[in-house]
Structures are given as C-alpha cells and as structure tokens.
2 protein chains.
Amino acid sequence: MTDLFHAAKQNRIFQDVVDQIQEAIISGKIEVGEKLPPERELKEMLQTSRSTIREALRVLEQKGLIEIKLGMGGGAIVTTVSADQVTESLDLLIKSQNVSLNHLAEFRERVEGDVAELAAGRVTDEDIRELKKLLEDAKKYVDMGIDYITHFWEADKKVHLAIADISRNPIYISICKTIHYNIIHYLMKYLPMRVNVMAENYKDLCDIVESVELGKSDDARNLAKGHVRRFNRYMKKMQDEETV
Amino acid sequence: MTDLFHAAKQNRIFQDVVDQIQEAIISGKIEVGEKLPPERELKEMLQTSRSTIREALRVLEQKGLIEIKLGMGGGAIVTTVSADQVTESLDLLIKSQNVSLNHLAEFRERVEGDVAELAAGRVTDEDIRELKKLLEDAKKYVDMGIDYITHFWEADKKVHLAIADISRNPIYISICKTIHYNIIHYLMKYLPMRVNVMAENYKDLCDIVESVELGKSDDARNLAKGHVRRFNRYMKKMQDEETV
DNA sequence: TGTAATAAATGGTCTGACCATTCGGAAAGA
DNA sequence: TCTTTCCGAATGGTCAGACCATTTATTACA
C-alpha cells in the first residue's frame with residue numbers, strides 16, 4: 001500500500017504479508033510497543049508457511065517498523081519509526097553514488113548553517129548546559145595535544161549533533177547524523193594534523209554556541225557556515241596537493 | 001560494516017550474508033548490472049542454507065541494492081542505488097507522524113533556496129531552454145483552469161526538480177525528489193483550489209527561473225525561499241482551520 | 001523458415017525438523 | 001520462609017529437501 005515505488009512483483013506472498021502487517025501498523029490497528037503474534041501463529045493466521053512469514057518480517061525489520069527479540073517472551077515488537085532508516089538509506093546513497101567531497105561539503109555548509117539558525121531560535125537553558133559540557137570535553141582534548149585529535153573530532157561531532165537536536169526538526173537531525181557519519185572519513189584523511197587546527201576549530205565551536213545561546217540566528221548561521229567552509233577549504237587544498 | 005545504526009544482533013547469519021554482499025557491492029567488487037550467483041550457489045559459497053540466503057536477499061532488496069527477477073536467466077541484479085529508499089523511509093517516518101508538515105515545510109524552504117542559489121551559478125543555455133519548456137507546460141495548465149490543478153502541480157514539481165538537477169549536486173537532487181514526493185500529498189489536501197493560486201505560483205516560478213538565468217544567486221535563493229514560505233503559510237492556515 | 005512443444009534454470013513456497021536464547025516457575029537448599 | 005539454582009517451555013534462527021511457477025533457450029515439427 002505504501003509501496004508506490006516497486007513495480008509490484010505480483011504473486012509474491014511475503015509481499016502481501018508485508019503489506020498487511022504494515023497497514024495494520026501505520027493505521028494504528030497495532031500499537032507501538034505491542035507484539036506481533038509469533039511466527040508459528042502468523043503462519044496459521046495467514047495460511048502460509050513460516051519461511052514466507054520470516055521473509056516478510058525481514059522486510060518489515062529493515063523498514064524499521066518492527067524489532068525482533070530472541071527467546072521466550074521475544075518476538076516482533078512494533079517500534080516507533082525513527083529517522084535511522086532515512087539516515088541509513090541516505091548513507092547508502094552517498095556511498096554508492098560516489099558523492100564527492102565537494103558535493104558533501106557544499107551540502108554540509110548550508111545544512112550546518114540552517115541548523116545553527118534554527119537552534120538559535122529554539123534553544124533552552126538545559127540545552128546550553130549540555131552544550132557547555134560538550135565544549136569542555138572538546139577543550140580537554142585540545143589541551144591534551146595533537147595525539148588526541150581523534151578524540152577531539154568525536155567531541156566536535158557531538159557538539160554539532162547536539163546543535164542539530166536543538167533544531168527540533170527530525171529531518172535536519174537525521175541528515176546531520178548522516179553527514180557526520182560520512183564526513184569523518186574525509187576529516188581523518190585530509191585535515192592537517194596541527195594543534196592550531198584543533199584550537200581554531202574549538203574557538204569556532206565556542207563562537208557558534210555563544211550565538212545560539214544569545215539567540216542570534218543570523219550570526220549562528222553565518223558562523224556555522226563559515227566554520228564549515230574554512231575546513232572544506234583546508235580539505236580541498238590537501239586533496240588537491242595529493243592528486244598533483 | 002555500514003550498519004552503525006542497529007545494535008548488531010549478533011549470531012544472525014543472514015545479517016552476515018547481508019554485510020558481505022553489501023560490502024562487495026559498495027566497494028565495487030560487484031558492478032551495477034551484474035548478477036549475483038543464484039541462491040543455490042550462494043548457499044554453497046557461504047556454507048549456509050537457502051532460507052538464510054533468501055532472508056539476506058530480502059534485506060538487500062529492501063535496501064535497494066539489488067533487484068530480483070524471476071525465471072531462467074533471472075536472479076539478483078545489482079542496481080544503482082536511487083533516492084527511492086530515502087524517499088520510502090522518509091515517507092514512513094512522516095506517515096508514522098514523527099515528522100509534521102511544519103518540519104517538512106521548514107526544511108523545504110531552505111533546501112529550495114539552496115538549490116536555486118546553486119543552480120544560478122551553474123546553469124547552461126541548454127538548461128534554460130529546458131526550463132522554459134517546462135514553464136510553458138505549466139502555463140498551459142494555468143490557462144486551462146482549476147480543473148487542471150493536478151496537472152499543474154505535476155508541472156510545478158518538474159520545474160523544481162529541473163532546478164535541482166542544475167545544482168549538479170546529487171545530494172540535493174535526491175533530497176528534492178524526496179521532498180516533492182512527500183509534499184504533494186499535503187499540497188492536494190491543504191492548498192486552496194483557486195485559480196489565482198495557480199497563477200501566483202506560476203509567476204513565482206517564472207521569477208525564479210529568470211534569476212537563475214541571469215545568474216543572480218541571491219535573488220534566486222530569496223525568491224525560491226519566499227515562494228515556498230508563502231505556500232507553507234497557505235497550507236498551515238488550511239491545516240489550522242481544519243483542526244479547529 | 002517459422003512456430004510450437006519441451007527442457008532447463010532460477011526464484012517462490014512449503015514442510016518438518018532441530019538448535020539457541022530467554023524467561024518464568026519449580027525445585028532445592030539455606 | 002527466602003534465596004538460589006536449575007529445568008523446561010516459548011520463541012526466533014537455521015537447516016535440508018522437496019515441489020511449484022516463471023522465464024528463457026533449445027529442439028522438433030510443419
């Protein structure tokens with residue numbers, strides 16, 4: 001029913017099972033948290049075989065509609081659809097379309113700007129406390145020197161994702177996750193391993209957080225955008241030198 | 001390997017099969033268009049049972065990595081990953097009511113702005129010809145009146161997607177596709193069925209295309225953003241009235 | 001030569017068995 | 001009586017082997 005996307009391979013029984021269960025979930029006939037009947041019962045209910053039921057469950061699981069637990073009291077539990085599936089498919093898309101660093105960078109500049117802008121308009125005191133804590137972590141790694149650059153990037157990522165959370169927009173949140181998951185590989189490869197890069201980056205983060213705290217949307221946007229852009233330039237430069 | 005997202009239910013053999021095949025596909029060891037070995041061979045190669053292989057194939061199929069054909073000469077064919085899976089997951093997310101129209105609208109405003117800006121910097125004469133042709137189509141439906149509003153939205157969508165193409169950034173292209181696929185449902189539901197809405201919209205499109213043609217990035221961005229924003233306001237108003 | 005019958009390859013389904021994990025309750029011990 | 005241990009049932013995971021349905025290639029026949 002939802003699948004306007006696949007050319008309806010007909011006569012696939014498991015697809016019919018998928019459709020029926022998905023319909024039941026989306027329409028709310030089965031609540032989130034509820035358990036589907038065990039495979040052996042579904043088999044009877046739908047007058048089919050267990051293997052067919054299981055293939056259908058694999059599809060539903062991959063769609064993020066159910067989660068399967070082992071053992072007695074286990075089974076297929078209807079889950080709240082999260083952004084994870086969007087993230088995963090976007091991730092696959094990026095990986096297999098050979099999206100270049102430039103494409104990703106161009107996209108990231110704008111997304112991080114948007115997110116910072118939105119966050120500045122929606123931040124709470126609680127959020128600020130969380131951000132400050134994350135900044136402290138980052139600062140720690142800056143002080144510990146270049147050997148901790150990996151830890152620093154982790155902390156940096158956490159700050160960015162925290163800001164994304166503050167945007168309160170699940171689309172931006174999942175997209176930021178995807179970007180960071182994909183960009184880390186480039187960061188490691190192309191960013192110069194110098195202490196002042198860490199320090200510079202840390203300062204940027206502080207500035208962005210400050211604008212967000214003060215609710216200065218435009219500043220937050222521009223700072224975030226500029227921040228990402230500068231690092232994109234670093235990376236591009238390194239990349240170009242490499243290919244000479 | 002790609003799945004940092006699921007809590008790694010270990011000891012699931014089919015998951016291991018999924019990972020191995022996915023790795024082979026993403027890394028390019030198997031080219032797009034190539035066929036995977038038949039199930040009975042995979043079974044031997046991976047020292048497992050056919051049902052396990054099949055469950056893995058269901059997952060890969062759902063991920064959009066393979067496509068399965070029946071009969072002799074059929075089998076699992078590696079496909080180019082399209083935006084369809086992203087679209088489908090986002091679609092599910094929206095249906096499960098974790099993403100509201102507001103979230104989608106907020107996101108779209110910015111994305112369309114970005115895309116128009118990029119397009120203005122990269123457009124060719126060829127592109128302009130194509131855009132002008134699409135605008136003519138749209139105009140036709142405007143003139144034909146309110147009964148053709150569905151056709152008009154189709155034409156409108158084509159213009160937006162054409163502009164996305166001109167951005168030359170596959171990430172933006174995929175995301176625009178996803179947005180438009182998901183927003184059409186709201187358009188139908190909430191946009192007032194008045195002729196002047198069509199006319200207004202058409203005029204916006206013309207303005208945007210003109211800025212793109214002239215390479216005025218900032219204008220293009222602001223026009224596109226404003227265009228989307230106004231329609232978001234329309235939709236929000238209708239939605240609010242509905243829930244009173 | 002062209003068309004129809006046939007065979008072979010391949011995915012789809014079914015059955016029934018056994019294994020692995022988990023949880024609750026029964027049994028054993030303190 | 002309370003706690004700990006252990007066993008067994010429920011449930012998902014895997015396996016083997018059979019047969020069906022669809023599609024394509026081949027062969028036979030007119």
Side-chain angles (χ1 to χ4, degrees), chain A residues 3 5-22 24-25 30-79, chain B residues 3 6-22 24-25 30 32-79:
Chain A
D3 298 81
F5 314 104
H6 315 299
K9 289 234 179 42
Q10 61 263 73
N11 296 335
R12 299 226 282 184
I13 301 182
F14 75 82
Q15 185 60 58
D16 192 69
V17 175
V18 167
D19 290 343
Q20 284 195 48
I21 298 182
Q22 173 164 326
I25 293 175
I30 311 178
E31 301 270 331
V32 168
E34 263 188 87
K35 233 180 339 192
L36 258 48
E39 297 176 355
R40 288 164 178 88
E41 256 177 65
L42 281 174
K43 177 188 84 164
E44 301 298 331
M45 293 167 61
L46 300 178
Q47 288 293 298
T48 178
S49 74
R50 217 184 133 203
S51 14
T52 300
I53 296 291
R54 284 180 59 78
E55 294 192 23
L57 292 180
R58 287 292 84 71
V59 173
L60 291 165
E61 190 182 25
Q62 181 58 34
K63 285 192 182 197
L65 286 167
I66 61 174
E67 201 171 82
I68 291 174
K69 281 189 181 165
L70 237 65
M72 181 176 169
I77 300 165
V78 177
T79 61
Chain B
D3 298 80
H6 312 300
K9 290 233 178 43
Q10 60 261 76
N11 295 335
R12 301 226 281 183
I13 301 182
F14 75 82
Q15 185 60 58
D16 192 69
V17 175
V18 168
D19 290 343
Q20 283 194 49
I21 298 182
Q22 172 163 327
I25 293 176
I30 311 178
V32 168
E34 263 187 88
K35 234 179 340 191
L36 259 47
E39 297 176 354
R40 289 163 178 88
E41 255 176 66
L42 280 173
K43 177 187 86 164
E44 300 298 331
M45 292 166 62
L46 300 178
Q47 286 294 300
T48 177
S49 75
R50 215 183 134 203
S51 10
T52 299
I53 295 291
R54 284 181 59 80
E55 293 192 23
L57 292 180
R58 290 291 84 69
V59 174
L60 291 166
E61 191 182 24
Q62 181 57 34
K63 285 192 181 197
L65 286 167
I66 61 174
E67 199 171 85
I68 291 174
K69 281 190 180 164
L70 233 68
M72 180 175 169
I77 300 166
V78 176
T79 61

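Residue numbers begin at 1 in each chain, while the letters A, B, ... track the order of the sequences. It should be emphasised that the depicted structure is a prediction, and the values quoted were computed from it without experimental measurement.
When the nearest nucleotides of DNA chain C are assigned to A/Lys43 and B/Lys35 by heavy-atom distance, the more 5′-ward of the two goes with B/Lys35.
Distance CG/A/Leu60 to CZ/B/Arg58: 12.5 Å, rounded to 0.5 Å. In this structure, CD on B/Glu61 lies 4.0 Å from CZ on A/Arg12, to the nearest 0.5 angstrom. Distance check, rounded to the nearest 0.5 Å: CD1 of B/Ile53 to CD1 of B/Ile21 gives 6.0 Å. The structure places CD1 of A/Ile66 at 6.0 Å from CG of A/Leu36, a figure rounded to the nearest 0.5 Å.
Distance alone, capped at 3.5 Å, places no donor-acceptor pair between the B/Lys43 side chain and the B/Thr52 backbone.
Looking at B/Lys63 and B/Val59, their side chains come closer than 4.5 Å, going by heavy atoms from C-beta outward.
In this structure, the CZ atom of A/Phe14 is 15 Å from the C1' atom of D/dA21, given to the nearest Å. In this structure, A/Arg40 places its CZ atom 13 Å from P of D/dT14, rounding to the nearest Å. At whole-Å resolution of the value, CD in B/Glu39 and P in D/dC15 are 14 Å apart. The interatomic distance linking B/Leu36 (CG) with C/dT10 (P) rounds to 13 Å, in whole Å. The distance from atom CZ of A/Arg12 to atom P of C/dG11 is 11 Å, rounded to the nearest whole Å. Protein atom CD1 of A/Ile13 is 17 Å distant from nucleotide atom P of C/dG11, rounded to whole Å. Atom NZ of A/Lys69 is separated from atom C1' of D/dA10 by 16 Å (rounded to the nearest Å). The interatomic distance linking B/Glu67 (CD) with C/dG12 (C1') rounds to 17 Å, in whole Å.
The salt bridge (Lys or Arg N to Asp or Glu O under 4.0 Å) check on A/Arg54 picks up A/Glu39, B/Glu55, with sequence neighbours excluded.
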I'd like a list of close polar pairs between nucleotides 23-25 of chain D and the protein, N/O only, cut-off under 3.5 Å.
residue	atom	partner	partner atom	Å
D/dT23	O2	B/Met72	N	3.1

Side chain to side chain contact (heavy atoms under 4.5 Å, CB included) between A/Val78 and A/Glu31, worked out: CA-CA 7 Å; A/Val78 177; A/Glu31 301 270 331; over 6 Å; no

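Residues of residues 45-59 of chain B that place a heavy atom closer than 4.0 Å to DNA chain C, in numerical order, are B/Arg50, B/Arg54, B/Arg58.
A/Gly64 and A/Thr79 make their closest contact through O-OG1, 3.0 Å (heavy atoms, listed as atom of the first residue, atom of the second, distance).
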